[in-house]
Amino acid sequence: EFSGRASRFRAGGDSFALLFMAPRATAQMIGDALVKLCGEPYLVAARNIFAPASVGVAGGAKDGAELIRQAEIALLAAKRQGGASARIYAPDIEPLARADAVALESELRQALDDKQLDVFYQPIIHVPDRAVAGFEALLRWHHPLKGLVAPADFIALSEETGLIVALGRFALARAADDLAQWQRYFPLSPPLFVSVNVSPRQLREVGLESQIRAILATGHIAPGTFHLEITESAVAEEPEMPMILARLRGMGAGLSIDDFGTGTSSLSQFRHMPFDTVKVDRSFLVRHGGTDVDADGEMVLGSVVNLAHDLKRRVVVEGVESERDIAFLARLQCEFAQGYFFAPPLTAADALAFIARHYDSATALP
Ligand code: C2E
Ligand code: MG
Ligand code: MG
């Protein structure tokens, strides 16, 4: 109905947006067509993969932000009615969305008290020798009914309500304890590091700085091995950010720009900021119609890595899913890689086993 005239973008996580002009009367039809299209199985490595999608449709909002908000509420309604369907925004579904958010918020508070929250660790691999160099800490929620819940389903809301501050304190403390343990058991050179995500809301809280200072003062962690990850957009949007970052850096925390390339910033904008590492978003390794990174993608990734190196920053590329990806990164002389090819985020016990398995073996990973 609208091919050729629609613009596409990623709205965050695994959600995508299409913007197009169409008569209001066709909204449901277009939504249903999208659901049908996404509901088709597709073939990967000779297996049928099903990835059904839910669709929320909105139109005629007063501005772009409101349009997206309404579409997201419609999406929530579609998911609530079982998913794999399309819903059109209408004002009467607003209370439903609010009730949802309030319920989630109180569940999450309870979860923190009931120790349902956990930190998983995804290995970050040193590309030249494929040894484990460190881990990214990633929050998980063991929900009593829903099972393991990924951050995509609770971080955004907890940022809005401020609960992220408590969640973040928990993640930072846990990651520091686990790092100390790894370094005690496995005295590698250079020592293993851990990288913890922090959101803008956390960075504005004075408590963060005192927590980081306390963590670094324990003496249980090798200097320079406790890193913070801050998304590109958070850095770009907050005018006070350079000062906050400079203070954290001054205390001895490592700093990474996360999800680099998903926003509109260019690396040179960050050249005066105290970052030591750039984490390139996995979308740069997006494969077109197969397993290959396409030629344009290669060129763009190559230039990001080169520019980062010119600026004396280290590079981690996220989303490495194949031998081909890692071979390509080796050619680019990229320092670090992270992705399902090596391991998904692991429980603390599995992370320990992962290190142990590779500790004194000269064999390359994986
Ligand atoms: P992120 O920091 O960019 O984390 C990387 C995400 O990519 C993780 O999702 C990870 O599981 C996923 N990933 C890793 N390798 C691959 C791969 O090869 N292919 C694909 N398709 N995906 C891969 P996860 O764990 O769901 O985390 C999502 C986001 O939630 C994180 O994005 C981070 O921004 C946020 N987050 C997680 N933990 C925390 C936390 O403690 N505090 C804060 N503020 N945010 C957190
Ligand atoms: Mg991250
Ligand atoms: Mg990232």
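Atom set for the values below is all heavy atoms of this structure, side chains included, hydrogens, waters and symmetry mates excluded. Counting convention: from 1, in listed order, for ligands and their atoms alike.
- For atom 27 (O) of ligand 1, the closest non-hydrogen atom of the protein is Pro151 CG, 3.4 Å.
- Within the 4.0 angstrom cut-off, atom 6 (C) of ligand 1 has no protein heavy-atom neighbours.
- Taking every non-hydrogen atom of Asp259 and a distance limit under 4.0 Å, the qualifying atoms of ligand 1 come out as 3 (O).
- A side chain to side chain donor-acceptor pair (under 3.5 Å) with Glu136 is found for one member of Lys279, His227, Gln122 and no other, namely Lys279.
- Considering just the N/O/S atoms of Glu136, the one nearest the Mg ion (ligand 2) carries the name OE2.
- At least one heavy atom of Gln122 sits closer than 4.0 Å to an atom of ligand 1.
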Test side chain to side chain contact (heavy atoms under 4.5 Å, CB included) on Val119 and Leu139 and set out the steps. CA-CA 5 Å; Val119 177; Leu139 272 171; 4.2 Å; yes
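- Counting only heavy atoms of the protein, atom 39 (C) of ligand 1 lies nearest to Asn197 CB, 3.8 Å.
- Note on Glu229: counted as a metal contact of the Mg ion (ligand 2), an N/O/S atom lying under 2.8 Å.
- With hydrogens left out, the protein atom closest to atom 18 (O) of ligand 1 is Tyr340 N, 2.8 Å, a heavy atom.
- Put simply, no part of Glu159 is less than 4.0 Å from ligand 1, judged by heavy atoms.
- By the 4.0 Å heavy-atom criterion, Gln202 is counted among the residues contacting ligand 1.
- Against a heavy-atom cut-off of under 4.0 Å, Leu139 is close to the following atoms of ligand 1: 37 (C), 38 (N), 40 (C), 41 (O).
- For Asp258, the N, O or S atom closest to the Mg ion (ligand 2) goes by the atom name OD2.
- Distances from atom 9 (O) of ligand 1 to the protein include no heavy-atom value under 4.0 Å.
- In this structure, Phe193 has its ring center at least 6.0 angstrom away from the ring center of Trp182.
- In this structure, atom 32 (O) of ligand 1 is not in close contact with the protein, since no protein heavy atom lies within 4.0 Å of it.
- At a cut-off of 2.8 Å, Ser195 does not coordinate the Mg ion (ligand 2) through any N, O or S atom.
- Per residue Asp259, closest N, O or S atom to the Mg ion (ligand 3): atom name OD1.
- Not a single heavy atom of Ala152 lies less than 4.0 angstrom from ligand 1.
- Close approach of ligand 1 to Pro345 is summarised as follows: ligand atoms under 4.0 Å from at least one heavy atom of the residue are 11 (O).
- In this structure, Gly168 has no heavy atom closer than 4.0 Å to ligand 1.
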